[in-house]
Every structure is written in structure tokens, then in C-alpha cells.
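First the structure, in the form of C-alpha cells, and then the observations on it.
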Amino acid sequence: MFLEQARKLDREDPLARFQDEFYLQPNTIYMDGNSLGLLSKRAEQSLLDSLEDWKENGIDGWTQGRQPWFYMSEIASELLAPLVGASPEEVIVTGSTTVNLHQLVATFYQPKGKRTKIVADELNFPSDIYALQSQLRIHGLNPEEQLVRVKSRDGRYLVEEDIIDAMTDEVALVVLPSILYRSGQILDMERLTAEAHRRGILIGFDGCHSVGAIPHSFSKWDVDFAFWCNYKHLNGGPGAVAGLYVNRKHFGVLPGLAGWFGSNKEKQFDMEHSFIPADSAGAFQIGTPHVLSLAPLLGSLDMFREAGIEQIRTKSLLLTNFLLELIDAELVGMGFTIGSPREEYVRGGHVGLEHKEAARICKALKENGIIPDFRAPNMIRLAPVPLYNSFEDVWNVIQMLKTIMEEKQYEKFTNERDVVA
Ligand SMILES: *Cc1c(COP(=O)(O)O)cnc(C)c1O
């Protein structure tokens, strides 16, 4: 019955045609696109184009290639802007997630008088916390006192009221994830932004798990800044150059970490020692773009443009709804707990399944050709990706999980994580 339902959903899927554009391994179901998205033929082609440009043109590839490298960050930003709900000038593809966070905090964190604290949360990704701690230290402040980490009541989710309560008159800046990396909870960015601004606080979001998975309206919500990686849902390749957003009301603010690629492009090669920043988010670039880690993104973003983020979100919800339905029906009494929101409006692109044997269940899944990921201590994350996963994939994953549990296949493995989990 569920298999027929899956096949029907696949037949009616307007995005099904994109599956052939990806390199899918035979006998493998990839459910880890929220950690590293797969290679598509278009991304491969745009990388090959840049290699050809280098081969044929040497230095002139900067201005005369098929994809002139000097403008590549701005070209990628134009394609990205609709995915975050911004104008192209408010977005720039540059750096990495963590470097962009450093850049934005170095720019927008301006402790004054008793307003010195930064609010984050205790469920955030460690790199973000390390960056915030080190930025406080640069200002000579003690992170133990100045970094407020909003607590989770249950270890899975954040309650927006708790975050708002932390926005006191001692707070200068709030930095939060748009989607929590473990549970996949979506925070209400519009509401949190309004509450922060009402209290004279700036606010920025880490969009690593949301950009390419759900629509955003950063400009309409009046978010101050955001940053995200392009190798997860956006399939830009391992170490792909990342993205950042700066609200246009902040154009003209000097970047905390300045470099020549943040210059007004007309002036950059004047080689003057007085920095004239671009009148756009481009001002927050630092050095020469990593062209070969940027080129694949052009091809990949072209697919997002064609598919449309609303359509992607619609399919994503159908996929995770189906996944939840199957978990409820097929994995009863096997010790699993759903660690993700059931309500659509707060559910991101993946579902977290908790189990005390999660590490070894993941290993058993991998041995059977299913690629999930594991987040210590007890979470199996499953991300059915609209552009390359089918409803039948979801069905197969659950059947395999059921078999693994019934046959206790996981007992062959140790319940420890691998180095990269
Ligand atoms: C993936 C991820 C990162 C990774 O940062 P990099 O600088 O790209 O290594 C940071 N924050 C969050 C929330 C993430 O999900």
C-alpha cells in the first residue's frame, strides 16, 4: 500500500526530471544531502568551463573566460538572491560559513556602554560558537560572561519566548540558526528580527540548513545579516564558496575585515591605499575568490532557478510527511523517537530519528547502500532531497531500517561514530 502510494507520488512529481541530472551511485540511496549535496552534470560542466578558461586563457580568464572569474561571485549572487529573498546587491558569494560569520560579527558587533552581550543558543553548531567566543576575546571581553546561550527546554528545540527573554538591554547582537542542524526546527526569523529591533539589537542568521531547502524573505523580514554554506542543500561541492547577506540599510558600513576584493570593482585595480568599498554586500569580500570552488555553484544554482524554491519546498514537505508517516506505521516498538517537528511550518528539510543504537544503525544502513548521517549521541538524520530523491527512495529506506532492526544487523557494529560522521 505504501509502495503504491510512493510510486503514485513519484509519477505526479513535477521535479522528477531533475533526478537524471545528478550522479547517483547504483544501488545506493543518498539521504545526506543536508551535509554534502551531490554532484550534478550542470555543476560539473560549470567547473569544467572554468578549467578550460584557465587552460586556454591563463590570466585573461579573469575577464575573458566563458565565466569571467572577476565577476563570478556577483554572477552567483544574482542566482542566489531569490533563494534568500534579497536583491542581488544584498548577497555575495564569498569565503566560508565560519569566515563569513567572523566577518559579519567583526562588522556588526559594536559593544557600547552596558550593551556588550551576544545572544546565541546552546543547540547551535560548534563552529558558530567558537567564532563568537573568539570575537568577544578580540574585544577583550570574557566569553563566559558575554556570550549568552539560550537553553533548550528539551534538548531538541528552542522556544522563541526564551530567546526573546534573553534580549535584554545588555545585548548588542543576536546570532541564531535559521534551522537547527539536529532537529531541523525552523525558527521564526521574522518575529525574532522584529523583537530584536524593538529592543535596539542587531540580528543575524546562520542559514546553512535552510538555504536551498526553504524559501526566505530576509529583506522583507528586515534581517540585518545572514551567512550560509553552499555545499549542503545547494550542491556546490565539498568546500564550496559560501554566501552572505547584508541588508541594504547597512551598505556603506566599513567591513570589520577589509580586503581588496571588497573594493568598488571600478577602483580595485587603481591600487590605492585608501579603501573604497563596493556599495553592496560585495564590500564584505576579502581576498581573491576560490574560483574552482565557486564555479560548480553556477551550474547548480541554474537548476534551482529552473525548479523554483517554492516547488522544492512543496516536494520537500511531501517527502518528509511521507517519511514520518512510514516511521509511525512501520517502525513501531523498535525504540525510535522522532526528533523533528511534526508541524510543517517549523520543519526543515530533514528528519532526525533518535535511537540509543543510532551510531551502529547508521553503519548497518551504509552497509546496505543507504547513506544517512549520524549526529552524536543518538541521532540518525535523514534528508530526502527534492531534486534527486524519490518517494520510493523514502519507502526503501524505511523498509531497510525495519529489516536491520528485525534482524538486529546493527549488532555487528560498534556503537561509536566514525571520524567524519
Ligand atoms: C555546516 C555548518 C557550518 C559549517 O561551517 P564551515 O565554515 O562551512 O565549515 C557552520 N554552521 C552550521 C550551522 C552548519 O550547519
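Counting starts at 1 for both ligands and their atoms, in listed order. Here the structure is a predicted model, which is why all the values come from computation and not from measurement.
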Salt bridge (Lys or Arg N to Asp or Glu O under 4.0 Å) partner of R42, chosen from D49, D20, D302: D302
H209 and H350 aromatic ring geometry - parallel, tilted or perpendicular at 30°/60° bounds: perpendicular
Identified salt bridge (Lys or Arg N to Asp or Glu O under 4.0 Å) partner of D169 from the options R198, K114, K117, R115: K114
Sub-4.0 Å atoms of ligand 1 with respect to non-hydrogen atoms of K232: 1 (C), 2 (C), 3 (C), 14 (C), 15 (O)
Atoms of ligand 1 close to T97 [distance to a heavy atom under 4.0 angstrom, numbered from 1]: 5 (O), 6 (P), 7 (O), 8 (O), 10 (C)
Contact atoms of ligand 1, heavy-atom distance to H209 under 4.0 Å: 15 (O)
Y231 neighbourhood, listing ligand 1 atoms whose heavy-atom distance to it stays under 4.0 Å: 1 (C), 4 (C), 5 (O), 6 (P), 8 (O), 9 (O)
Distance-only polar pair, side chains of H216 and S210, donor-acceptor under 3.5 Å: yes
Side chain, backbone, both or neither: the part of C208 lying under 4.0 Å from ligand 1 by heavy atom: side chain
Residues, nucleotides or ligands: over 12 heavy atoms within 6.0 Å of W221 CH2: yes
Atom 3 (C) of ligand 1 [closest protein heavy-atom partner, distance rounded to 0.1 Å]: F125 CE2, 3.5 Å
4.0 Å heavy-atom contact, S96 with ligand 1: yes
Under-4.0 Å heavy-atom contact with ligand 1, by part of V99 that carries it: neither
Pair N264-D279, side-chain donor/acceptor within less than 3.5 Å: no
Closest approach of any protein heavy atom to atom 13 (C) of ligand 1, naming residue and atom: D206 OD2, 3.1 Å
Region of T98 that comes within reach of ligand 1 [heavy atoms, distance under 4.0 Å]: both
Residue of the set F227, Y245, F225 for which ring pair (Phe, Tyr, Trp, His ring centres under 6.0 Å) holds with F218: Y245
